[in-house]
Each structure stands twice: as C-alpha cells, then as structure tokens.
> 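A single structure is presented below for examination.
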Amino acid sequence: MKVKSTTSTAIDMRNDEPSTSKTSATFRDGDDIDAIKGGDSKAANDEQTHMTLRTALRQYPKAAAWSILFSTTIVMLAYDTILLNSFYAYPSFQKKYGTCHTVNGKAKCQVQAKWQSSLSNGSNVGGIIGLLLNGYLADRYGHKHVMLVALCATTLFIFAPFFAPNLGVLVVGEILCGIPWGTYQGLTTAYASEVAPVALRSYITSYINLCWVFGHFLGAGILRALLTRTDKWGYKTPFAIQWIWPIPLFLGIMLAPQSPWWLVRKGRLQDAKASLRRLTSHQDERELKDNLELMIRTNEIEQEIRTGTSYLDCFRGVDLRRTEIVVMAYLIQYLHGNGLAGYSTYFFEQAGLSPTNAFDLTMGQYAIGFFGTICSWALMARFGRRTLYLAGTVLSCIILFTIGFISLAPRANESANWATGALLLIFFSIHSTFMGPVLYAVVGEMPSTRLRQKSIVITASAWSVMGIINSSLTPYMLNPDAWGWRGKAGFFWGCFSILSTVWTIFRLPEAKNRTYAELDVLFGRKVNARRFKSTAVNVADGTIGDRRPQGSHCIASTWLDQDFPWHENILPETSNYPRRTRQQASELWLLNPLPLRCC
C-alpha cells in the first residue's frame with residue numbers, strides 16, 4: 001500500500017530553533033488525508049482545557065463506560081492480593097499449609113515466613129513477566145486484543161492454585177496467574193488515559209484505585225463469611241470465585257473500541273476517527289477532525305523533541321525525567337508505608353486482636369478506602385495532583401511514627417492494640433484519599449503518548465520489584481517467629497515517608513487541566529516542577545510564558561519571547577483564554593496602564 005508522509009515546521013525543544021521534521025502521521029491512502037482536512041489542533045486544545053466536568057460527561061459518556069470496563073479487570077488482581085496476604089491469618093489455610101506448635105496448651109499454626117514471602121512474591125514475579133510481554137504486545141497489537149488474550153489466560157491459570165496440593169505448587173500457580181495480572185496493570189492505566197478527555201482524565205484513571213479497593217473489600221468479605229469453615233473449602237472457595245470475572249469481561253471488551261491514540265501512532269487515521277466517534281456523543285465532523293489533528297500535533301511535538309518508541313528511549317533526554325516521575329510516584333505507594341495495609345489482617349492479629357476482629361477491621365479499612373477514593377475526585381478537581389500527593393506523604397509520616405511509638409507498649413495492653421488498629425485505618429484512609437487515586441492520574445498523564453505503554457510497563461515492573469522487597473521484609477517484621485516488630489515497623493517506613501515527602505516537593509509537577517501536547521512542551525522546555533502550574537503554553541508554536549493567578553484563575557498571559565500591545569481592547573488571538581477573560585485584562589490595563597509582562 002502506498003504511504004505518504006507530511007512535514008511540518010515547529011520549534012525544536014532542545015535548541016529553540018525552528019526545525020522541519022517528519023510527522024508521525026503516515027497515511028495509507030488518500031482518504032486518510034480527508035480524515036483531518038480542516039482540523040484545528042489549537043481549537044481542540046482550547047476546548048479540552050476549558051471543558052467542564054458536566055460537558056465532558058455529556059460528550060464522553062461512552063469513553064468513561066469503556067474505560068471503566070477495562071479497569072474492572074484490576075478487581076481480579078486486587079482480590080487475589082488480599083486473598084493470599086489474609087490467608088496467613090486464616091485458620092483453615094494455616095491448618096493445611098502451616099507449621100503447628102503448642103502455645104499455652106493450644107495448637108497454633110503459622111505459615112513460615114519464607115513461604116509467605118515466596119507466595120507473595122510469586123504473583124509479583126509473574127506480574128513482571130506479564131508487564132514486559134505487555135509492553136511489546138500492546139504496541140504491536142493494541143490494548144483491546146492483548147486484554148482479551150490475558151482474560152483467557154486468567155481462566156486457565158486459576159486451576160493451579162485451586163488444586164494446589166502443597167505450597168510449592170501454590171507458588172507456581174501464583175506465578176502463572178501473575179502473568180495476566182501484570183498485563184492488566186499495564187493496559188488499564190494506558191487505555192483510561194488515552195480515551196478520556198482532560199476534564200475526565202483524573203476521574204477515569206483514579207477509578208483504577210477504586211477497583212483495587214473494591215477487590216480488596218470483596219476478598220476480605222468473602223474470607224470473613226467463610227471464617228468459621230475449618231475444612232478445605234474454607235480456602236478453596238475464595239480461589240474458585242475468581243472464575244466468575246473473566247467471561248463477562250471478555251464479552252464486554254470484545255465490543256470496546258481500540259485506543260484512537262494507538263491508531264494515530266500506526267497511521268490509521270480513518271480508524272482513529274471512527275474510534276473517536278464511538279467514544280463521543282454530540283460531536284460534529286469539525287470537532288472530530290479538530291481532536292484528531294490535536295493527536296497528530298501531539299505526536300509531532302514528541303518527534304520534534306526526539307521521543308522514540310523503545311524501552312531505551314524512556315531513559316533518554318526529557319523522557320528520562322518523565323520516567324523518573326512516574327516510577328517514583330508509583331514506588332512511593334510502598335515507600336510511604338502502604339505495604340503494611342496489604343498485610344492488615346495479619347498485622348491486626350499480630351497486634352493482639354482475634355481473627356474475627358482482625359477481619360472485621362480489614363473490611364472497615366477497605367470501606368474507608370472506597371469513600372476516600374470518591375472524596376479524592378472532588379479534592380483533585382479543586383487542588384490538583386501535586387498538592388494532594390504532598391499532603392498524603394506528610395500525614396502518612398506522622399501516622400507511621402505514632403504507630404511505632406504506641407507499639408512500644410506491652411503486647412498484652414489491649415488499649416494500645418486497638419489504638420494501633422485505629423491508626424492503621426486512619427493511615428489507609430489518608431492513602432486512599434490523598435495518594436492512591438492520585439498516583440494513577442500521575443502515571444497516566446506524565447509519560448509521552450508515544451512511550452506511555454512502555455513507561456507504564458517500567459513503572460509497574462519497578463512497583464512489582466518493590467512489592468517483592470516488601471513481601472520479603474514485611475512477613476519477617478510481623479511474624480512472631482521471626483523479627484516480631486509488629487507496630488514498630490512504623491519507624492522503618494516512616495523514615496522512607498520523609499524521603500518521599502522531600503522528593504514530592506522538588507520533583508513532582510502539576511498536570512491539572514493540561515493536554516498531552518502542553519505537557520510535551522513543558523517537559524521539552526525543562527520547566528521546573530514547581531512552575532508547571534503557573535506556566536502558559538502555546539501548542540501551535542511550542543512557546544511558553546508566565547501567568548500569575550488572580551484569585552482562582554489567571555486573567556491574562558503573555559509569551560516570554562513576545563511583547564503584546566496591551567492598549568488594545570482584547571489580548572492577541574494567541575491567548576488561550578476566552579473573550580470574557582481577555583476583557584478583564586483590558587480593564588486591568590485601564591486602571592494601571594503600564595507595560596505589564598503578566599497579569
């Protein structure tokens with residue numbers, strides 16, 4: 001098939017000189033040119049940045065629905081995570097796979113710390129394999145087809161843990177199941193961030209955290225309901241329930257549209273336009289062409305700053321900084337102490353609570369997490385990502401050290417045990433409100449569109465490696481037959497929480513109300529993380545400028561390399577602000593007619 005290409009003149013972000021570069025848009029035939037003919041990327045960028053939540057929900061309900069369907073696969077991963085970690089405090093599981101000894105005349109069974117680490121690490125090892133496969137397969141075949149294969153693999157691999165006669169086979173089963181689960185991690189965030197408009201992006205990506213919370217809550221509830229069963233079905237039934245999910249999800253995702261960004265990167269513009277049409281409602285032909293042109297322009301900007309598509313490109317040039325941001329944002333999920341929450345049931349039991357009370361508190365923990373995620377949506381819309389994330393690291397640090405000091409009380413002190421449990425619930429509510437949902441928005445927004453899939457793979461792989469470290473250390477911290485730290489683990493993770501706070505202050509930028517094209521320009525211009533929120537961007541020519549908010553919004557902006565005539569009634573057409581805002585700037589000039597650089 002004959003391929004045509006276009007060239008465009010734009011700013012090279014490395015040396016600020018105009019350069020002519022090949023665009024990423026390759027056209028398979030002549031009718032693909034008609035798909036974007038007349039499109040205006042600037043108009044689409046302005047519409048995206050000024051779109052309200054209500055308008056976004058009215059125009060993109062289908063995009064939200066398809067993204068929610070994709071993200072629901074995370075429920076399976078979250079369900080299994082809480083399953084294994086809670087099994088360590090589960091009587092029937094301990095009886096089958098644990099080592100029993102007598103304590104005060106009563107038989108007490110414990111799964112050895114080395115096996116706890118092996119089981120927890122099994123799914124992490126499988127997850128890394130799945131993520132690495134996903135980075136290649138998703139770029140080649142698209143999100144939809146890889147997800148369908150992963151769902152089939154999940155259905156097959158569940159047989160291994162269900163029929164496992166011993167801990168060795170159970171570890172192998174967890175590794176196998178971890179492969180498709182790793183694929184879910186890589187696909188869901190990428191798909192959500194590519195189909196949602198700017199106004200919905202934080203809600204749709206943070207919904208993934210809600211899926212984690214729901215999966216954890218579901219697992220804890222099922223285990224609580226079966227707690228009184230002492231036969232093998234006490235632990236086999238939770239494994240069997242995992243077969244419920246793949247079939248309905250497979251049937252639904254078969255009907256889902258492919259990511260339009262992936263189609264643009266493949267040069268399939270007519271298919272990308274058709275996908276956009278399936279994701280939107282109440283959009284005319286001009287708006288579709290504008291949005292498609294913005295995608296192509298974003299791809300051009302990334303090519304101009306030398307963004308490639310390989311794993312090595314994630315560690316080159318400006319993309320190295322973007323990779324650092326998404327990896328650290330994800331790793332802080334463990335470094336600020338949230339790894340303890342995954343072992344909450346076992347933690348509560350080792351803190352001195354009964355198994356029944358331990359499971360009751362765990363269910364309460366995940367109910368709090370559900371409402372925390374809902375609250376985070378309103379907070380992100382008001383304060384953005386950076387402020388919430390920073391507040392979360394500071395509060396987590398305070399709670400962790402408090403838990404550590406309380407744990408200095410004797411184990412027999414029941415009040416101290418309940419206080420530790422209550423503080424862990426508060427800690428989890430902080431994570432679920434300020435950090436858990438926010439990190440998915442950060443991970444979905446910060447990578448370049450050409451490297452998003454691979455950046456997410458690297459990020460989730462690093463998270464899995466950190467999970468292996470956490471799964472290796474935490475059982476020893478909590479197990480009375482090992483280190484027996486119990487709540488003193490708060491001191492350990494509290495120190496890392498301090499380091500996380502410092503990193504957030506200096507390295508995490510704000511991406512609220514930014515299109516991907518604007519983020520590309522900001523990173524290309526090497527804008528300081530603390531200035532992302534206050535810097536104006538002109539997508540058309542890749543220039544940036546200063547803007548200073550007046551109240552809750554900025555009423556004018558000027559580009560650093562240009563001087564505009566403020567005596568005119570309105571600001572120049574290059575302003576990204578509506579006419580009412582430009583008129584306010586004019587009134588400001590009438591009161592103080594001085595040559596201003598910003599409002």
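By convention here, the first residue in the shown sequence is residue 1.
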> Does any N or O in the side chain of Y79 come within less than 3.5 Å of the main-chain N or O of P238, such that one atom is a donor and the other an acceptor?
yes
> Would you check if W503 and I332 make a side-chain contact, meaning some heavy-atom pair closer than 4.5 Å?
yes
> Checking K144 side chain against A256 main chain: does a donor-acceptor pair fall under 3.5 Å?
yes
> Distance check, rounded to the nearest 0.5 Å: F496 atom CZ versus L499 atom CG?
7.0 Å
> What class does the angle between the rings of F491 and F401 fall in, given that below 30° is parallel, 30 to 60° is tilted and above 60° is perpendicular?
tilted
> Strictly by modelled atom types, are Q453 and W261 linked by a side-chain donor-acceptor pair under 3.5 Å?
no
> Could you tell me how the ring of W233 sits relative to the ring of F162: parallel (under 30°), tilted (30 to 60°) or perpendicular (over 60°)?
tilted
> Given side chains that start at C-beta, do those of V198 and M51 come closer than 4.5 Å, heavy atoms only?
no
> Going from CG on L77 to OG1 on T73, what distance comes out if it is rounded to the nearest 0.5 angstrom?
8.5 Å
> For the residue pair R386 and K512, establish whether any side-chain heavy-atom pair is separated by less than 4.5 Å.
no
> Answer yes or no: is there a side-chain heavy-atom contact under 4.5 Å between S432 and I368?
no
> For the pair Q333 (side chain) and G436 (backbone), establish whether a donor and an acceptor sit closer than 3.5 Å, ignoring hydrogens and angles.
no
> For I247, does the CD1 atom sit with more than 12 other heavy atoms under 6.0 Å from it, leaving out its own atoms?
no
> Can you find a pair of side-chain heavy atoms, one from M147 and one from Y191, that are under 4.5 Å apart?
no
> Donor-acceptor check, side chain of N209 to backbone of W212, threshold 3.5 angstrom: yes or no?
no
> I'd like to know if the side chain of R201 and the backbone of G444 have a donor-acceptor N/O pair within less than 3.5 Å.
no
> Taking the six-membered ring where the residue is Trp, are the ring centres of F370 and H216 under 6.0 Å apart?
no
> For T393 and L390, indicate whether the former's side chain and the latter's backbone hold a donor-acceptor pair under 3.5 Å.
yes
> Determine whether the aromatic ring centres of F239 and Y235 lie less than 6.0 Å apart.
no
> Any non-hydrogen side-chain atom of W493 less than 4.5 Å from a side-chain atom of N470?
yes
> Quick check, are the ring centers of Y440 and Y207 under 6.0 angstrom apart?
no
> Counting N and O atoms only, with roles assigned by atom type, does the side chain of S455 sit under 3.5 Å from a partner on the main chain of L451, one being a donor and the other an acceptor?
yes
> From the options W243, Y184, W181, W245, select the one residue that forms a side chain to side chain donor-acceptor pair (under 3.5 Å) with T154.
Y184
> Roughly how far apart are T237 OG1 and L226 CG, rounded to 0.5 Å?
5.5 Å
> Main chain of T373, side chain of S376: is a donor-acceptor contact present, judged purely on distance under 3.5 Å?
yes
> Answer yes or no: is there a side-chain heavy-atom contact under 4.5 Å between M76 and L249?
yes
